[in-house]
Amino acid sequence: MEFYQDAPELKNTFHSDPLLKTFLQSALAPEAFKQVSQHLEHLGQRAVTDLLQFSKEAEAQPPVHIPYDPWGRRVDDLKTSNAWKQLEIAAATEGIVATAYERKFGDQSRLYQMALLYLYHPSSAFFSCPLAMTDGAARAIELYGDAGLKQNAFRHLTSKDPAQFWTAGQWMTERTGGSDISGTTTTAEPSNEKLNFGATHLLRGTKWFTSATTSQMAMTLARPTGAVEGSRGLSLFYLELRDEKNTLRNIEIHRLKDKLGTKALPTAELSLKGTPAQLVGGMGDGVKKIASLFNVTRVYNSMCALGQMRRALDLAQSYSRKRKAFGKLLIDHPLHALTLSDLETEFAKCFRLCFFVAGLLGKEECGTASENEKLLLRALTPILKLYTAKKNIAICSEVLECFGGAGYIEDTGIPRLLRDAQVLAIWEGTTNVLSLDMLRAFQKENALPAVLEYLKKSNVDMTEINALLAEIQKKGAEFQEVSARKMAFLIAELVAASLV
Ligand code: MFK
């Protein structure tokens with residue numbers, strides 16, 4: 001009889017994740033744990049049944065940009081698959097964003113919501129990306145929005161009703177830069193005319209990356225008339241992309257980006273041609289205000305990396321129990337077993353870090369964080385994001401290898417893990433930009449003492465970090481900058497060790 005290899009198998013991703021269960025059991029009150037675990041059990045089942053199927057279908061039917069109607073009128077329609085729409089419906093009904101704002105379990109609601117995201121992401125074909133921006137926009141509106149935004153947009157962003165649910169885009173990147181946004185050329189001209197949805201300005205400019213351009217609203221940066229050059233002159237704006245007839249509001253879509261991965265996610269390049277927009281939180285401080293948004297999306301980025309690591313490892317673990325080589329299962333080869341066990345150790349470090357930071361975020365949002373916890377959150381957010389993104393790439397690459405040649409073949413689904421992993425190290429800030437953001441937190445907000453105090457209390461071995469800090473003290477600012485990345489990884493390792 002001919003030999004055919006059995007495929008790896010996925011089981012309910014909540015049941016098959018002892019780390020998640022144990023963590024939540026220790027972090028939540030018994031009644032909260034009971035309710036949360038029931039929901040996660042349900043989502044864990046969907047993650048290996050209908051959602052998994054939708055994610056495969058969405059990947060197989062990527063979005064299409066239709067610039068003109070048959071008669072030559074500019075329409076800029078973005079067609080997405082039915083599966084992509086189903087993933088949005090599931091996100092709304094499962095409350096992947098809403099759970100964080102219902103705050104049913106007070107400051108522990110973020111843990112619940114992030115656990116949902118962690119299970120949802122690997123079977124979402126990156127619908128998690130629009131959700132990240134949706135959550136970030138909800139947070140920015142909570143902090144800076146007026147009553148109108150809170151009653152309207154915020155209510156949609158945090159709805160569990162698919163008919164009411166909105167997603168948001170975050171449009172920062174222009175041709176001049178994604179990391180350095182000081183060269184933003186989009187202008188905002190005040191308008192005396194009565195505009196829709198409380199819009200105050202008309203925006204003109206080009207946005208180079210706008211993910212989830214099918215979203216109903218976006219937060220963006222623009223330079224109001226008369227504002228200074230550089231990032232100091234930028235303000236934060238809210239806009240609704242389409243009018244009642246579903247026509248884009250003076251927005252022209254140039255094209256969809258042909259990306260390395262995240263193929264189901266519509267990411268467009270577009271021009272704003274007098275697009276109505278509402279100033280959020282008053283004039284100026286645009287970067288600072290949009291930071292409230294990207295600090296949330298950075299935690300999402302890490303949770304997505306974590307979910308993806310888990311999925312990759314689940315597949316490799318299953319395969320190692322189905323695939324035989326040299327007369328025995330892969331898992332019975334000590335070297336293969338050790339490789340998997342080392343990857344699990346790396347995953348576990350990321351898991352602890354992710355949920356630690358999610359816990360701090362929940363406390364900050366609910367006003368229960370101490371001053372030191374706020375500083376810890378500020379410093380650890382970029383550190384977590386850069387660390388988990390890199391670990392995910394390394395784990396996905398190694399898992400691909402665990403499948404041998406099959407891991408290199410598209411229709412096994414394994415190569416997509418690696419392609420998609422790569423975006424997480426870029427999206428919402430590269431490793432170096434985030435390392436420098438950690439330094440910004442140390443310098444501008446004096447967050448280093450809070451980090452050191454936390455580490456000291458945790459009794460981790462601080463020899464290496466103390467030596468690095470002493471060297472920086474001696475050699476000065478330039479050396480501090482080139483050491484930023486090393487320091488970020490070192491702190492990530494120490495905090496992870498403190499959480500064992
Ligand atoms: C999922 C699929 C995706 C599909 C494909 C997408 C591909 C990728 C597309 C992209 O382009 S992703 C890239 C997105 N870009 C970013 O995430 C931005 C990265 N850059 C940074 O984070 C820079 O550090 C930053 C733009 C913030 C630097 O800007 P500035 O203006 O030079 O910073 P500055 O002057 O230090 O900070 C201005 C204010 O904001 C300061 O406050 P003050 O006015 O009170 O002094 C800062 O403290 C504050 N700030 C900056 N970063 C902050 C922050 N506050 C809190 N948290 C932060 N992280």
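All values below were derived from every heavy atom in this structure, side-chain atoms included, with hydrogens, water molecules and symmetry-related copies excluded.
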More than 12 heavy atoms of other groups within 6.0 Å of Leu335 CG
no

Judged by atom type as modelled, is there a donor-acceptor pair below 3.5 Å linking the side chain of Arg485 to the main-chain atoms of Leu434?
no

Under 3.5 Å side-chain donor-acceptor pair for Glu174 and Thr185:
yes

With no hydrogens and no angle check, just 3.5 Å: does a side-chain donor-acceptor pair link Gln45 and His15?
no

Does Phe3 CZ have over 12 foreign heavy atoms under 6.0 Å away?
yes

Evaluate the side-chain proximity of Leu360 to Thr381: yes if any heavy-atom separation is below 4.5 Å, no if none is.
no

Leu119 vs Leu40 side-chain heavy atoms within contact, under 4.5 Å:
yes

Counting distance only, does the side-chain N/O of Lys85 pair as donor-acceptor with the main-chain N or O of Thr80 below 3.5 Å?
yes

Could you label the plane-to-plane angle of the Phe23 and Phe355 rings as parallel, tilted or perpendicular, counting under 30° as parallel and over 60° as perpendicular?
tilted

Side-chain H-bond candidate by donor/acceptor type, Thr206 with Ser271, under 3.5 Å
yes

Would you indicate whether the side-chain heavy atoms of Cys354 and Leu384 approach each other to under 4.5 Å?
yes

Atom CZ of residue position Arg321 - does it have more than 12 heavy atoms of other residues, nucleotides or ligands inside 6.0 Å?
yes

Is it true that Arg440 and Asp437 have a side-chain N and a carboxylate O under 4.0 angstrom from each other?
yes

Can you find a pair of side-chain heavy atoms, one from Glu464 and one from Leu490, that are under 4.5 Å apart?
yes

I'd like to check Leu265 versus Pro130 (side-chain heavy atoms, cut-off strictly below 4.5 Å). Are they in contact?
yes

Separation of Phe403 CZ from Gln5 CD (nearest 0.5 Å):
9.5 Å

Could you tell me whether Asp258 atom CG has more than 12 heavy atoms of other residues or ligands within 6.0 Å of it?
no

Across all chains, not counting sequence neighbours, the side chain to side chain contact (heavy atoms under 4.5 Å, CB included) partners of Ala447 are Leu375, Ala379, Ala441, Phe442

Give a yes or no on whether a salt bridge exists between Arg378 and Glu364, defined as a side-chain N under 4.0 angstrom from a carboxylate O.
no

Indicate yes or no: at least one non-hydrogen side-chain atom of Ser435 is less than 4.5 angstrom from one of Leu386.
yes

Looking only at the side chains, is there a donor atom on one of Ser123 and Arg311 sitting less than 3.5 Å from an acceptor on the other?
yes

Tell me whether Arg298 is salt-bridged to Glu428, with the criterion being a basic N under 4.0 Å from an acidic carboxylate O.
no

Hey, is Glu344 close enough to Lys349 for a salt bridge, meaning N to O under 4.0 Å?
no

Main-chain N/O of Ile253 paired to Asp76 side chain as donor or acceptor, under 3.5 Å:
yes

How many angstroms lie between CG in Leu78 and NE2 in His65, if you round to the nearest 0.5 Å?
6.0 Å

Which pairs with one or both residues in residues 113-122 pass side-chain hydrogen bond (donor to acceptor under 3.5 Å, both in side chains), sequence neighbours excluded?
Asp17-Tyr118, Arg110-Gln113, Gln113-Tyr300, His121-Ser128

Could you tell me whether the side chains of Thr430 and Asn432 share a donor-acceptor contact shorter than 3.5 Å?
no

To the nearest 0.5 angstrom, please state how far the CG atom of Leu400 sits from the CD1 atom of Ile395.
13.5 Å

Hey, are the side chains of Thr297 and Asn301 touching, using non-hydrogen atoms and a 4.5 Å cut-off?
no

Just checking, is any N or O donor in the side chain of Ser159 or Asp161 under 3.5 Å from an acceptor N or O on the other one?
no

Does a side-chain N-to-carboxylate-O contact under 4.0 Å join Arg139 and Asp135?
no

Are Tyr454 and Ser498 close enough that some pair of their side-chain heavy atoms sits under 4.5 Å apart?
yes

